[in-house]
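All values below come from the heavy atoms of this structure, side chains included, with hydrogens, waters and symmetry mates left out. Naming: A, B, ... by sequence-line order, numbering from 1 per chain.
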Amino acid sequence: MRALNAADIRAVAEGSAVLASGGGGDPRLGMLAALQALDAGSPPSLITMAELANDDLIAVPFMVGAPVAGLEKFPYGVEFDAALDVFGALIGRPISALLSAEIGGINSVLPLALAAKHGLPVVDGDLIGRAVPEMQLTTFTLNGMNACPVVLADEHGNTVTIQTKSNADLERVARALSIEFGAMCVGVGFSHQARDASRTVVADTVSLALDIGVAIQQERAHGGSPVARILELCGGQHLFTGKITDVDRTIAGGFAVGTVQISGVDADAGRVLSVDLKNEYMVARHGDTAVVTTPEIIVLLDMDSGSAITSERVRYGYRVAVLAIPCDAQWRTAPGLELMGPRAFGFDVDYIGIPSA
Amino acid sequence: MTHRAPVRVGVDIGGTNTDVVAMRGDELLASSKEPTTPDVTDGIIAGITRALARSGVDVTAVAAVMVGTTQFTNALVERRRLAPTAVVRACLPANTAIPPYADWPTDLVASLGGVHHMVHGGVEYSGRPLARVEPSEIDRVAADLIRRGITSVAVSSTFSPMSTATEDEVADLLEERVPHVDITKSSTVGRIGFIERENSAAVNASLRILARHIVGSIENALDALGFRGRLYISQNDGTVMSADRARAFPILTVASGPANSIRGAAYLSGLDSAVVIDIGGTTMDAGFLVKGLPRQAGTEAEIGGVRVNYRMPDVLSVGIGGGSIVRQGASGTEVGPGSVGFALTEQALIFGGRVLTATDVAVAAGDLVLGDPTRVAAVPALVVTEAQALIRAALFRLAARMSTSAECVPIVLVGGGSVIVGSDPGAEWEFRTPAHANVANAIGAAMAQVSGEVDRIYLLDGSSREERLLVARRQATRLAIEAGASTGTVEIAEIEEIPTHLPPPGSGVRVQVKAVGALELQDMS
């Protein structure tokens, strides 16, 4: 068990943006809420799965809705109190620990805010090992586990309990309800006992995000590049260094879809790397040849600040290092690739893993 | 010549110097450079008097004075002369998790007093009310403000860039109840992004009393000179606003300095697309000129340590300027970020000082004739070469970051420190170093146009795209004319539609339209 202070929370937010593969949104608001809760409550503590008893109950708090609405309404206050109350009554037993839905974006920092407020520990791990655009893309689905019951809540204390047959149906129903809740609401679900956790939890990702964040902050302080330290922590490859020369982006079917063109500098001078995005960075190509694809994590790191650039902020002119970081091994299985491979997102390429050096 | 263009005077109040130019139409009549005085109006009077004397124009013949000032930025950075301010956030029961002033520097919160109230109100993205405004809650807020003697108030509410109903209602109720209250509604200073928009409103509110004082004292000084024309204040999009608007929106002056230097560079170079690099004593600031105006930053900006999201010019800075200290570090020669700043004429080697600066390097390289060159004769040639290479590398890196396409645009160099780049920068860039570049900011202020801006989100509720754009264009044009533009000159300078992620997916669109026109001025002579 490890208590997290304000600096740790800032580091988790910084580092989780690296593991997000460009998605998940800006974790800043979640970070502010966590810092606020820390001021008012107790420091959130991070625990490993081994520290939980077999029948301890874990639950996942998350947000669902349109990212832009989340910039206007940040429902991490009374909304979660209502959702946790109803969820607790439904399950009939207390929750022992909270778990992040995804490590990347706001959902990775959210449990820390709630943990500080409700005095619950946070498991060092998550359900994906990166960020994803939809709720059914978790290890729950991969392992045939149902995420329901799920309780959604809004700021008025309205709650809806969802019990769907499949996690894909949950995504569809929850998405529709979130619109009625003002395009942004909170949820609690994905509950399971610690004994089942080995099948579902991608372990140690919160502390990994924290370590990445610390490395970035330290390198930034003296103007260094965090690339080598990130690769040391995560494995993977430094694919390319260059300057973003074009970002072609539109909204299609509710996703931000487009391509980022990066013109090489230094050792990559004269070459061009393109990165296709669909909320997350999905496929990196040299010319027409794909070099790495989802579910592997593609990172665009701003060479000036050392921060990862999320897909909604990517624009012309950034000097970037492009990294490919290994995803959790579960996603490289046939069922994993069916959910998270490039074809699942409409790209006409087969999965390509991280190239060897 | 039967018709003579009116005379405009541009003033740039910098940290070190107050620059003044007198212009008739496109013609620079005269300029002056006076030290900035603690009470800045003395420097303004001295500068205008000298510039007019040199130009042979009587003050009564001046149609307009345009003033660019860093005083509001300085007040924020130095946490001085800020008013006790209250934030009234009207969107309960939502948005309780992060209170106002979250993540502000604590000393800045302390200088504003940190007072805030959360009350019911607000709308959803669809325009549906989130909660009704409760007049009894506003009564309690008003009583608290009166008791504390606070008159500078920021009002914020959810989705106010799409519907201002709650902010309007709360502002009206407070104005009825609190004498002399100055209210800044968040919808008037920021965009989608609640926290940053509320921050922008709070920062603006905290500057309102200072704005009344500064604008008033400039008006008094100009009156005392016998000036009969109109006063305008530079804002950060490269245009000017009326004195009254500057009293209400002082935050719009923050970063007007870089905007003026970009506009001045446009005028001096005759270009309307270029990278503009303004080199002062301590920093190198790069901006981008697009269609004659500074390009706006795409994301949030920070002022005084606070994240805000009102429009700002897209400016990148590095800590290298004419006063930058050149020293030997662990890995060779280093330039900046330390600088002797305005003490250059005492501390630089060529002026008899003991510090090797970037300006000394330019003299040692033979690129500049200044001070006593014998005093830099002993500086090793390798240090000179390495320092100049570092300066140019920093400049090219900035230029590459700022240019908007893979093709090269010219670099326009302005500012007193631009001599440090040297006479032959080489590389693939085309350089322009126009005459009068040392008063580019004052020229930018004098030559500024006026603008009208619309930035809001429309829901796609049956109205056609053409209707939407027509409404936005008309509104922007009307605002430009209200700001003082001459009717026939107004043009739409920017028009941008950005799809949003609001449900059903992609059904909202943010429309930004800016109309710009020439100031309608009369020849006073």
To the nearest 0.5 Å, tell me how far [X] [atom1] sits from [Y] [atom2].
{"X": "A:L29", "Y": "B:I98", "atom1": "CG", "atom2": "CD1", "answer": "5.0 Å"}
{"X": "B:Y125", "Y": "A:M184", "atom1": "OH", "atom2": "CE", "answer": "11.5 Å"}
{"X": "A:E155", "Y": "B:T158", "atom1": "CD", "atom2": "OG1", "answer": "8.5 Å"}
{"X": "B:E124", "Y": "A:E180", "atom1": "CD", "atom2": "CD", "answer": "9.5 Å"}
{"X": "B:R191", "Y": "A:L71", "atom1": "CZ", "atom2": "CG", "answer": "13.0 Å"}
{"X": "A:R28", "Y": "B:E196", "atom1": "CZ", "atom2": "CD", "answer": "6.0 Å"}

At their closest point, which heavy atom of [X] faces which heavy atom of [Y], and how far apart are they?
{"X": "B:P99", "Y": "A:Q36", "answer": "CD-CD, 3.2 Å"}
{"X": "B:D103", "Y": "A:R10", "answer": "OD1-NH2, 2.7 Å"}
{"X": "A:E79", "Y": "B:A94", "answer": "OE2-CA, 4.3 Å"}
{"X": "B:F159", "Y": "A:E72", "answer": "N-OE1, 2.5 Å"}
{"X": "B:N95", "Y": "A:F74", "answer": "OD1-N, 2.9 Å"}
{"X": "B:A97", "Y": "A:G77", "answer": "CB-N, 3.8 Å"}

(message) Need one label for A:F80: side chain, backbone, both or neither, based on atoms under 4.5 Å from any heavy atom in chain B.
(response)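 When you check distances to chain B, no heavy atom of A:F80 falls under 4.5 Å.
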(message) Please classify the contact of B:L92 with chain A as side chain, backbone, both or neither, using a heavy-atom distance under 4.5 Å.
(response)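 Neither part; nothing is under 4.5 Å.
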(request) Inspect the surroundings of CZ in A:R271 and state if more than 12 heavy atoms from other residues, nucleotides or ligands are less than 6.0 Å away. (result)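 Result for CZ/A:R271: enclosed.
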